[in-house]
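To start, the structure under review is shown below, and the notes come after it.
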Amino acid sequence: MKRTALALLVLLNSGAVAAETVTLRIADQKGNMHAEMEAAQQLNNLNYKIEWAEFPAAAPLAEALNAGAVDAGIIGDAPLLFSLAAGSQVKAVAVSKSVPEGLAVLVSPDSTIKNVADLKGKNIATGRGSIGHFEALKALEKAGLTDKDVNFRFLTPADARIALANGSVDAWSTWDPYTALAEVTHTGRVLINGVGLSSGNSFLAATDAAINNEAKRAALQDYVNRLAAADRWANGHVDEYSTTLAKIIGFPKEAAAKSFARRQSHWQAIDDATIAQQQDTADFYQKYGLIKQHLDVKPTFYHGLKVAQN
């Protein structure tokens with residue numbers, strides 16, 4: 001017994017018995033965190049592993065979070081609310097503040113639709129519960145219309161782009177980089193963008209299981225700081241970053257640059273103003289019956305992660 005105990009002590013002191021490396025399973029959307037962190041070299045020298053899963057839109061990403069198939073992911077304010085209203089065990093742990101110019105309702109360049117009021121009776125493609133869905137509803141309300149005045153076609157971004165091109169829908173409510181791609185390829189005209197309609201908030205959301213795991217929580221803290229550093233680097237190196245981003249997402253560099261530069265994004269910790277903005281969004285969705293009952297958003301935020309600003 002003494003020899004066994006002594007052998008184990010020697011192994012521990014020599015580092016031969018090492019703690020299992022933590023793995024963070026991160027859900028990303030096209031051209032977002034992974035691209036930026038890779039370009040900024042923020043994925044170097046990690047003391048944990050990252051397993052990436054890329055999703056074309058927020059809805060399937062939210063499903064992966066809900067199922068516990070991933071530990072954390074980037075998601076817009078509106079789809080996060082749908083996930084929370086459905087009872088998912090996730091919380092927002094950090095927020096990205098940006099200018100929502102790339103959030104837009106698009107029509108074909110030769111469309112006779114000149115303003116949002118002209119959408120009455122028309123078909124609008126977007127993702128159900130997506131930030132595009134939110135944008136469309138906000139734009140309609142501003143024009144004095146409701147969801148009853150239009151026909152929504154809930155499609156993936158790829159299918160919605162085709163539908164707009166072949167005329168099977170009249171408009172497409174989407175987000176960057178899809179908006180930027182439509183603009184630079186002259187396949188879509190912006191009818192209205194999200195400035196003044198959307199908070200511009202996106203969140204890093206993590207499962208309760210990951211937050212409650214000490215090792216994963218520590219890895220998440222490091223990840224958030226690296227994510228914020230990558231954003232600062234990209235904002236200062238738009239041309240260089242756009243080259244990398246274009247290769248990763250398979251879009252023209254002009255579209256990648258347009259998409260990123262106008263965001264003017266930065267990551268920060270959760271604050272009271274962000275919670276108030278999210279409550280406004282939740283109340284808006286309840287008004288349209290998309291969330292069936294009042295949702296108090298305060299418990300859906302986690303304040304334990306800090307975000308380094310330099």
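Side chains are part of it too, since the values below use all heavy atoms of this structure and drop only hydrogens, waters and symmetry mates.
- Residue H186 holds its NE2 atom at 14.5 Å from OG of S108, rounded to the nearest 0.5 Å.
- Summarising the local packing, CG of N115 is surrounded by more than 12 heavy atoms from other residues, nucleotides or ligands at distances under 6.0 Å.
- A salt bridge links R226 with D222: the closest approach of a Lys/Arg side-chain nitrogen to an acidic carboxylate oxygen falls below 4.0 angstrom.
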Listed pairs under 3.5 Å, donor-acceptor, residues 289-299 side chains, sequence neighbours left out:
unit_1, atom_1, unit_2, atom_2, d
K292, NZ, G289, O, 2.9
D296, OD1, K298, N, 3.3

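- Side-chain N or O atoms of N193 include none that pairs as donor or acceptor with a backbone N or O of A104 at under 3.5 Å.
- With D149 contributing its side chain and T146 its backbone, the two residues share a donor-acceptor pair below 3.5 Å.
- For the residue pair T281 and A78, the shortest heavy atom distance occurs at CG2-CA, 4.4 Å.
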Stepwise side chain to side chain contact (heavy atoms under 4.5 Å, CB included) test for L204 and V224: CA-CA 8 Å; L204 182 68; V224 166; 3.5 Å; yes
Pair D71-R25, side chain to side chain contact (heavy atoms under 4.5 Å, CB included): steps then yes or no: CA-CA 5 Å; D71 297 310; R25 299 167 300 167; 2.9 Å; yes
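- A tilted orientation is assigned to the rings of W172 and Y178, their planes being inclined by 30° to 60°.
- Looking only at atom types and distance, the side chain of N32 has no donor-acceptor partner in the side chain of E36 under 3.5 Å away.
- When atom types are taken as modelled, the side chain of R262 and the backbone of V99 share no donor-acceptor pair closer than 3.5 angstrom.
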Between side-chain atoms of residues 131-142 and protein atoms elsewhere (two or more places apart, or another chain), which donor-acceptor pairs fall under 3.5 Å?
unit_1, atom_1, unit_2, atom_2, d
H133, ND1, G129, N, 3.0
E141, OE2, K287, NZ, 2.5
E141, OE2, Y288, OH, 3.4

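- A heavy-atom distance below 4.5 Å is found between the side chains of I192 and L197.
- Among all heavy-atom pairs drawn from L65 and G73, the shortest one is CD2-N, 4.1 Å.
- In this structure, F55 CZ and E63 CD are separated by 9.0 Å, a value rounded to the nearest 0.5 Å.
- More than 12 heavy atoms of other residues, nucleotides or ligands shown are found within 6.0 angstrom of CD on Q286.
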Side-chain donor-acceptor pairs under 3.5 Å in residues 301-309, sequence neighbours left out?
unit_1, atom_1, unit_2, atom_2, d
Q309, NE2, W267, O, 3.3
Q309, NE2, V307, O, 3.1

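- Under a hydrophobic-cluster definition in which Ile, Leu, Val, Met, Phe, Trp and Tyr are linked whenever side-chain heavy atoms come within less than 4.5 Å, directly or via other members, L155 and L164 are assigned to different clusters.
- No side-chain donor-acceptor contact under 3.5 Å links S242 and D239.
- Nearest heavy-atom pair, G121 versus N151, reported as atom, atom and distance to 0.1 Å: O-ND2, 3.7 Å.
- Rounding to the nearest 0.5 angstrom, the gap separating the OG atom in S202 from the CD1 atom in I75 is 9.5 Å.
- Here CD of Q264 is found 14.5 Å from NZ of K97. Values are rounded to the nearest 0.5 Å.
- Pairs of residues two or more places apart, or lying in two chains, that qualify as side chain to side chain donor-acceptor pair (under 3.5 Å) and include a residue from residues 152-165 are T156-D159.
- In this view, P252 and L181, A255 satisfy the side chain to side chain contact (heavy atoms under 4.5 Å, CB included) rule, not counting sequence neighbours.
- V184 and I162 fall into different hydrophobic clusters, where Ile, Leu, Val, Met, Phe, Trp and Tyr are joined by side-chain heavy atoms under 4.5 Å apart, directly or via other members.
- Of the residues D208, L84, L80, the one that meets the side-chain contact (heavy atoms from CB on, under 4.5 Å) test with K91 is D208.
- Of the possible polar contacts, none joining the S173 side chain to the T126 backbone as a donor-acceptor pair under 3.5 Å is found.
- Salt-bridge formation is not detected for the pair R263/D176: no Lys NZ or Arg NE/NH1/NH2 atom is positioned less than 4.0 Å from an Asp or Glu carboxylate oxygen.
- Remark: the D170 side chain and the S111 side chain contain no N/O donor-acceptor pair separated by less than 3.5 Å.
- Under the 3.5 Å distance criterion, with hydrogens and angles disregarded, a donor-acceptor pair is assigned to the side chains of Q277 and N201.
- D231 and S96 are not linked by any side-chain donor-acceptor pair at a separation below 3.5 angstrom, with hydrogens and angles left out of the test.
- Summarising the geometry, atom CG belonging to N123 is positioned 8.0 Å from atom OG belonging to S168; distances are rounded to the nearest 0.5 Å.
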CA sep, side-chain torsions, deciding dist, call: K258, F251, side chain to side chain contact (heavy atoms under 4.5 Å, CB included): CA-CA 11 Å; K258 189 179 190 72; F251 283 13; over 6 Å; no
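- Judged by distance alone, with hydrogens and angles left aside, the side-chain atoms of R217 form a donor-acceptor pair with the main-chain N or O of I211 at under 3.5 Å.
- Rounding to the nearest 0.5 angstrom, the gap separating the OH atom in Y285 from the CG atom in L81 is 8.0 Å.
- Linking ILVMFWY side-chain heavy atoms closer than 4.5 Å, directly or via other members, places V107 and V195 in two distinct hydrophobic clusters.
- A donor-acceptor pair is defined here as one N or O able to donate and one able to accept, closer than 3.5 Å; no such pair exists between the side chain of E51 and the backbone of T23.
- A229 is linked by a side chain to side chain contact (heavy atoms under 4.5 Å, CB included) to Q42, R232, counting only residues two or more places apart in sequence or in another chain.
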Evaluation steps, side chain to side chain contact (heavy atoms under 4.5 Å, CB included), between S130 and W175: CA-CA 10 Å; S130 69; W175 53 89; 3.7 Å; yes
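- The heavy-atom pair separating V70 from A27 by the smallest distance is CG2-CB, 3.9 Å.
- Put simply, the side chain of S98 gets close to the backbone of G200: a donor and an acceptor are under 3.5 Å apart.
- Here the side chains of Y223 and M37 are in contact, with some heavy-atom distance below 4.5 Å.
- In terms of heavy atoms, V238 sits closest to A261 at CG1-CB, 4.0 Å.
- Contact record, L43 with I50: CD2-CD1, 4.0 Å, taken as the closest heavy-atom pair.
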